[in-house]
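Structure, as structure tokens:
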Amino acid sequence: MNEVIKVSHLTYTYPQNKQNALSDVSFSITNGSWVAIVGHNGSGKSTLARALDGLIDFKEGTIWVDGIQLTPENVWQVRSRIGMIFQNPDNQFVGATVEDDVAFGLENLAVPHQEMKERVNHALAQVQMTEFRHKQPDQLSGGQKQRVALAGVIAMQPKVIILDEATSMLDPIGRREILGVIKRLKQRLGITVLSITHEMDETIGADKVIVLNDGHIVETGAPETVYTNSELLLKLGLDVPYPERLKKALQQRGIQVPSTYFDEKGLVAWLCQSLLKA
């Protein structure tokens with residue numbers, strides 16, 4: 001499978017700081033996959049997201065997006081392949097109505113009117129916001145606002161969607177709804193998703209998890225591999241998903257639990273089997 005993002009030996013230091021925000025960071029992301037990048041505040045997650053979108057002028061290392069090397073000369077080519085969803089959706093709204101906001105990026109690209117209309121209709125339908133198309137953004141809930149921001153990205157037809165702490169301002173229900181929408185979009189449209197988060201529960205469905213600490217990659221692998229190293233995650237100020245926390249609590253009570261990783265459904269199934277055997 002093709003690599004849609006490749007980062008090699010990326011190093012970056014903010015002008016006012018002495019310590020690197022990113023230090024020799026290298027990884028790749030396969031087309032159509034979901035990759036979660038996790039770390040505590042100040043670990044370099046958002047700096048990495050900004051670097052991928054060409055928002056910082058790094059001097060060391062290389063970034064390739066969809067076969068294009070990111071340089072000052074072709075930064076707009078790279079950005080056309082990436083859609084960013086930020087922490088606060090209010091910072092992304094520019095239109096007077098939901099429909100206007102979703103169309104804004106297409107208008108800047110001078111997309112023909114009929115094609116623009118079709119793309120907006122399709123994007124709103126994908127996030128279940130068609131009935132709100134004439135609403136003003138300030139009349140929406142937090143979760144609805146993030147859906148509109150996501151629709152604006154979908155309308156641009158990117159290869160990659162980057163979620164930069166995109167659910168951190170939502171309540172648990174809103175968070176689950178947005179993540180569910182994005183997972184369905186990934187399945188239907190084949191979009192690559194890069195999730196920047198410190199919420200470990202959001203990484204359960206990822207194909208790969210990358211753990212950042214003080215600008216360095218300290219762990220990478222499938223979720224079940226990363227989660228089992230719970231001592232490292234806790235040392236880095238990160239939590240572990242609920243199933244792993246429950247397994248630890250059961251172990252402390254003298255109950256033997258499998259070393260393999262379980263999601264919530266898997267853990268419930270194991271508990272039911274264990275109770276039937278008891």
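If you read the sequence from its start, that first residue is 1, and numbering goes on from there. Worth knowing before you read on, the calculation uses all heavy atoms, side chains too, and leaves out hydrogens, waters and symmetry mates.
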Evaluate the side-chain proximity of Ile29 to Glu3: yes if any heavy-atom separation is below 4.5 Å, no if none is. no
Distance-only polar pair, side chains of Gln126 and Arg188, donor-acceptor under 3.5 Å: yes
Is there a donor in the side chain of Asn213 and an acceptor in the side chain of His40, or the other way round, less than 3.5 Å apart? yes
Looking only at heavy atoms, which two atoms of Val35 and Ser33 are closest? And how far apart? CG2-OG, 3.9 Å
Separation of Lys145 NZ from Asp138 CG (nearest 0.5 Å): 7.0 Å
Return the CD to CG distance between Glu115 and Leu106, rounded to the nearest 0.5 Å. 8.0 Å
Identify whether Val160 and Leu48 are in the same connected component of the hydrophobic contact network (ILVMFWY, side-chain heavy atoms under 4.5 Å). yes
Closest contact, heavy atoms only, Lys45 versus Ile37: CD-O, 3.7 Å
Strictly by modelled atom types, are Asp164 and Ser46 linked by a side-chain donor-acceptor pair under 3.5 Å? yes
side-chain hydrogen bond (donor to acceptor under 3.5 Å, both in side chains) between Tyr227 and Thr203, intermediate numbers included: CA-CA 10 Å; Tyr227 298 155; Thr203 70; 2.2 Å; yes
Check whether any side-chain heavy atom of Thr30 sits under 4.5 Å from a side-chain heavy atom of Asn2, and report yes or no. no
Reported CZ-to-OG1 distance for the pair Phe27 and Thr220, which is rounded to 0.5 angstrom: 9.0 Å
Rounded to the nearest 0.5 Å, what separates atom CD in Gln157 from atom CD1 in Ile191? 9.5 Å
Return the minimal non-hydrogen interatomic distance between Gln69 and Asn74, and the atom names on each side. O-ND2, 2.7 Å
Is there a side-chain contact between Ile85 and Ile161 (heavy atoms, below 4.5 Å)? yes
Can you tell me if Thr11 and Asn20 form a side-chain donor-acceptor pair at under 3.5 Å? no
Distance, nearest 0.5 Å, that separates CG of Leu234 from NZ of Lys248: 8.5 Å
Can you find a side-chain donor-acceptor pair between Tyr14 and Thr47 that sits under 3.5 Å? yes
hydrophobic_cluster_shared for Ile217 and Ile162, side chain cutoff 4.5 Å: yes
Nearest non-hydrogen partners of Glu219 and Val226, listed with the distance: CG-CG2, 3.9 Å
So, do Phe58 and Ile63 sit near enough that their side-chain heavy atoms are less than 4.5 Å apart? yes
Over all atoms of both residues, closest heavy-atom pair of Pro223 and Ala206: CG-O, 3.1 Å
Do the non-hydrogen side-chain atoms of Leu238 and Val38 ever get within less than 4.5 Å of each other? yes
Tell me whether Lys208 contacts the main-chain N or O of Ser28 through its side chain, where contact means a donor paired with an acceptor under 3.5 Å. yes
When rounded to the nearest 0.5 Å, the distance separating CD1 of Ile196 from CZ of Phe86 is 11.0 Å
Nearest atoms (heavy-atom pairs only) where Pro137 meets Ala96: CD-O, 3.4 Å
With a 4.5 Å limit on heavy-atom distance, are the side chains of Leu246 and Leu271 in contact? yes
Using only atom types and a distance under 3.5 Å, with no angle test, would you say the side chain of Asp171 pairs donor to acceptor with the backbone of Ile173? yes
With sequence neighbours left out, which residue pairs that include part of residues 92-108 fulfil the salt bridge (Lys or Arg N to Asp or Glu O under 4.0 Å) condition? Glu99-Arg133
Is there a side-chain contact between Ser26 and His9, using heavy atoms and a 4.5 Å cut-off? yes
